[in-house]
There are 2 protein chains.
Amino acid sequence: MSDSGEFVQSLERGLSIIRAFTRDRPQLTLSDAAAVTGLTRATARRFLMTLETLGYATTDGKNWRLTARVLDLGHSYLASLGLPEIVAAHLEGIAAAVHESASAAVLDGGDIVYVARVESRKIMRVQITVGTRFPASVTSMGRVLLADLDPAEAERILSSSERSIFTPHTKTSVSDLMAEVSRVRESGYSLVDQELEMGLRSVAVPVRDRSGRVVAAINVSTSAAGSPRETLENVLPALRVAQTAIDEELRSLVR
Amino acid sequence: MSDSGEFVQSLERGLSIIRAFTRDRPQLTLSDAAAVTGLTRATARRFLMTLETLGYATTDGKNWRLTARVLDLGHSYLASLGLPEIVAAHLEGIAAAVHESASAAVLDGGDIVYVARVESRKIMRVQITVGTRFPASVTSMGRVLLADLDPAEAERILSSSERSIFTPHTKTSVSDLMAEVSRVRESGYSLVDQELEMGLRSVAVPVRDRSGRVVAAINVSTSAAGSPRETLENVLPALRVAQTAIDEELRSLVR
DNA sequence: GCCAATTGTTCGTATAGCGAACATACGTTC
DNA sequence: GAACGTATGTTCGCTATACGAACAATTGGC
């Protein structure tokens, strides 16, 4: 890079090596790693050796894998967020009250990222863990988080999102989504019905810090049996109770 | 570093910046970051700016924070491990059967690192999430994981561990711990009673891949009410059921 | 044994990254 | 408003870090 005043290329490269490991590529040869990241073999090798030295990767002499130490990096984020500790008990309370899965997520770009999860029963096809991402536009928590943004900012995020079609119910029009976000802003909750996955319905509410800013959303996900109205009546009370309790804990934090 | 043939100092520095954010230091000024990592201010600034450019950190102009994107790094590990997806349903089954929290962990150095968790009721004082670490020597999952190692390797790990005293029951002598690990190897399970925290008891069993190698441990943690024998009778059957099912799934994996 | 593919190693070189020093900004105190 | 202490922003000459082409060595399949 022409101006090395503010960017460290080696850090970008190193992080790209870590990200090269996926569910479909749980282990990589040196040549794989070079190919996936676009680095030269010698460069990729140096980064893998460095990750090994630091304890983040291991090799059997041919195949490289990440180690659990990589979780420390994400743990730095979760620890610094402070939120998962606070919401965990409340999500359990919700799950116990309504017998459904409850989660918390934050907004990151055009995605929501799960930061806490209590699974009561499996509705979704994909496994959700801390770190899992979904598009904000088609999730109840995403719409709640977008609702707290300045409308121009929300529209910018929606416009620049990919807005894939997941089901025949998926809303993709920016104007439809903005109208929905406005409704969420008015009502204080979001209900999304089979837009991300057929058979899946979820309801979310925001949680706020002492400044009133929305720092996360919490939700309940349930099957799409029964009417949306019945679902709302079943789960919104428990979400509201948890929301109030979490808001109070966030307000009382010395930070 | 004198020989730049295999180590990338900039990657180490960048990762140390990420790790500088903790529960006690959720946000850092530039000078904080420099102080914590031992880097010069200009260097620390370059790394923070690079993390910001890549989406891993954000600043309000004075204080820096990590973003949820950092969770992607840990998620790379979890996705590549494959295990959390497999164990999740089984941990829920255990939790439902015995009405206690169930977890899975892997060994990393002298620690266990949680990779999946289903919380039924809160026994421990600290919040456990994916990425949380505890010393292997004083945990049921740790002893199960040590039991699968070559005894010389297990002894090396125990000898080089800090072996803190957490309760009056904590075993710290390497020979006592090695005897315990031998018992675990014979019996196929570990029960740890109030060695990590008073009032906490846990039982763990190993899960193996198709080569027979132990890839993780699963456990149930419960309160130390009643006798250890009663606890064992209550929870070991459910653990064994889950262990068998997980072993079968791991055997059938094409990897 | 041969060969292709892959990994390991070298080393001259370029530049990425460094950091001391200075400039600027900010908040507090008087 | 001025002065001061603290913190951050910026610069740029320097050099050590990191690079990568090229060659060496290893591995596995046939």
Side-chain angles (χ1 to χ4, degrees), chain A residues 1-22 24-67 80 211 254-255, chain B residues 1-22 24-67 80 211 254-255:
Chain A
M1 184 163 281
S2 58
D3 179 4
S4 67
E6 348 190 281
F7 192 79
V8 184
Q9 179 181 60
S10 296
L11 177 55
E12 174 181 39
R13 286 177 166 181
L15 296 174
S16 76
I17 292 281
I18 294 176
R19 298 178 69 99
F21 292 86
T22 63
D24 299 326
R25 290 192 300 266
Q27 57 181 37
L28 296 166
T29 63
L30 171 54
S31 298
D32 287 337
V36 168
T37 57
L39 300 171
T40 64
R41 227 183 11 88
T43 301
R45 184 169 188 272
R46 259 194 302 280
F47 283 104
L48 286 167
M49 301 281 295
T50 303
L51 289 171
E52 182 184 31
T53 300
L54 298 174
Y56 295 96
T58 187
T59 182
D60 60 9
K62 180 176 169 62
N63 288 299
W64 292 85
R65 285 183 168 271
L66 294 177
T67 70
S80 67
S211 70
V254 177
R255 305 218 92 163
Chain B
M1 184 164 282
S2 58
D3 178 6
S4 65
E6 352 190 277
F7 192 79
V8 184
Q9 180 181 58
S10 295
L11 177 55
E12 174 182 38
R13 287 178 164 182
L15 295 174
S16 77
I17 291 280
I18 294 176
R19 298 179 72 99
F21 291 87
T22 63
D24 298 327
R25 290 193 299 269
Q27 57 181 38
L28 296 168
T29 63
L30 171 56
S31 298
D32 288 337
V36 168
T37 56
L39 300 171
T40 64
R41 229 185 7 89
T43 301
R45 182 169 190 273
R46 261 194 299 280
F47 282 104
L48 286 168
M49 300 282 295
T50 302
L51 288 170
E52 182 184 31
T53 299
L54 298 173
Y56 294 97
T58 188
T59 182
D60 60 7
K62 181 176 169 62
N63 286 300
W64 292 85
R65 286 182 167 270
L66 294 177
T67 69
S80 68
S211 70
V254 177
R255 305 220 92 163

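All chains are named by letter (A, B, ...) in the order of the sequence lines, taking the proteins before the strands, and each is independently numbered beginning at 1.
- Between A:Leu11 and B:Leu11 there is a side-chain heavy-atom pair separated by less than 4.5 Å.
- What separates CG of B:Asp32 from C1' of D:dT8 is a distance of 13 Å, to the nearest Å.
- Atom CE in A:Met49 sits roughly 13 Å away from atom P in C:dT7 (whole-Å rounding).
- Between the side chain of A:Arg45 and the base of D:dG20, no donor-acceptor pair of N or O atoms lies under 3.5 Å.
- With rounding to the nearest 0.5 angstrom, the CG atom of B:Leu15 is 9.0 Å from the CG atom of B:Leu51.
- The separation between A:Arg41 atom CZ and C:dT9 atom P is 11 Å, rounded to whole Å.
- Looking only at side-chain heavy atoms (C-beta outward), A:Thr37 and A:Arg13 stay at 4.5 Å or farther from each other.
- Partner of A:Arg45 under the side-chain contact (heavy atoms from CB on, under 4.5 Å) criterion, chosen from A:Thr50, A:Leu39, A:Leu30, A:Thr40: A:Leu30.
- Whole-Å rounding puts the B:Gln9 CD to C:dG17 P distance at 11 Å.
- When distances are taken from the side chain of A:Thr43 to each of C:dT9, C:dG17, D:dC19, the shortest belongs to D:dC19.
- Annotation: side chain of B:Phe7 is in contact with side chain of A:Leu54 (closest heavy-atom distance under 4.5 Å).
- OP1 and OP2 of D:dA21 both lie 4.0 Å or more from every side-chain N or O belonging to A:Thr40.
- Toward the 5′ end of DNA chain C lies the nearest nucleotide of A:Trp64, the other residue of the pair B:Phe47 and A:Trp64 mapping further downstream.
- Each of C:dT9, D:dA18, D:dA7 was ranked by its minimum atom distance to the side chain of A:Ala42; first place goes to C:dT9.
- If you take CD of B:Glu6 and P of C:dG8, they are 10 Å apart, rounded to a whole angstrom.
- Near DNA chain D, defined here as any heavy-atom distance below 4.0 Å, there are no residues from residues 51-61 of chain A.
- In this model, the phosphate group of D:dA7 is not approached by any side-chain N or O of B:Ser31 to a distance below 4.0 Å at OP1 or OP2.
- The nearest whole Å value for the distance from the CG atom in A:Leu30 to the P atom in D:dT26 is 17 Å.
- Between the NZ atom of A:Lys62 and the P atom of C:dT7 there is a distance of 5 Å, given to the nearest Å.
- For B:Arg13, the listed nucleotide lying nearest its side chain is C:dG19; candidates were C:dG19, D:dG20, C:dT9.
- For D:dT8, one of the phosphate oxygens OP1 or OP2 lies less than 4.0 angstrom from a side-chain nitrogen or oxygen of B:Thr29.
- Note: CG (A:Asn63) to P (D:dG28) measures 11 Å, nearest angstrom.
- The shortest distance between side-chain heavy atoms of A:Arg25 and A:Asp32 does not fall below 4.5 Å.
- By the 4.5 Å heavy-atom criterion applied to side chains, B:Ser80 and A:Gln27 are not counted as neighbours.
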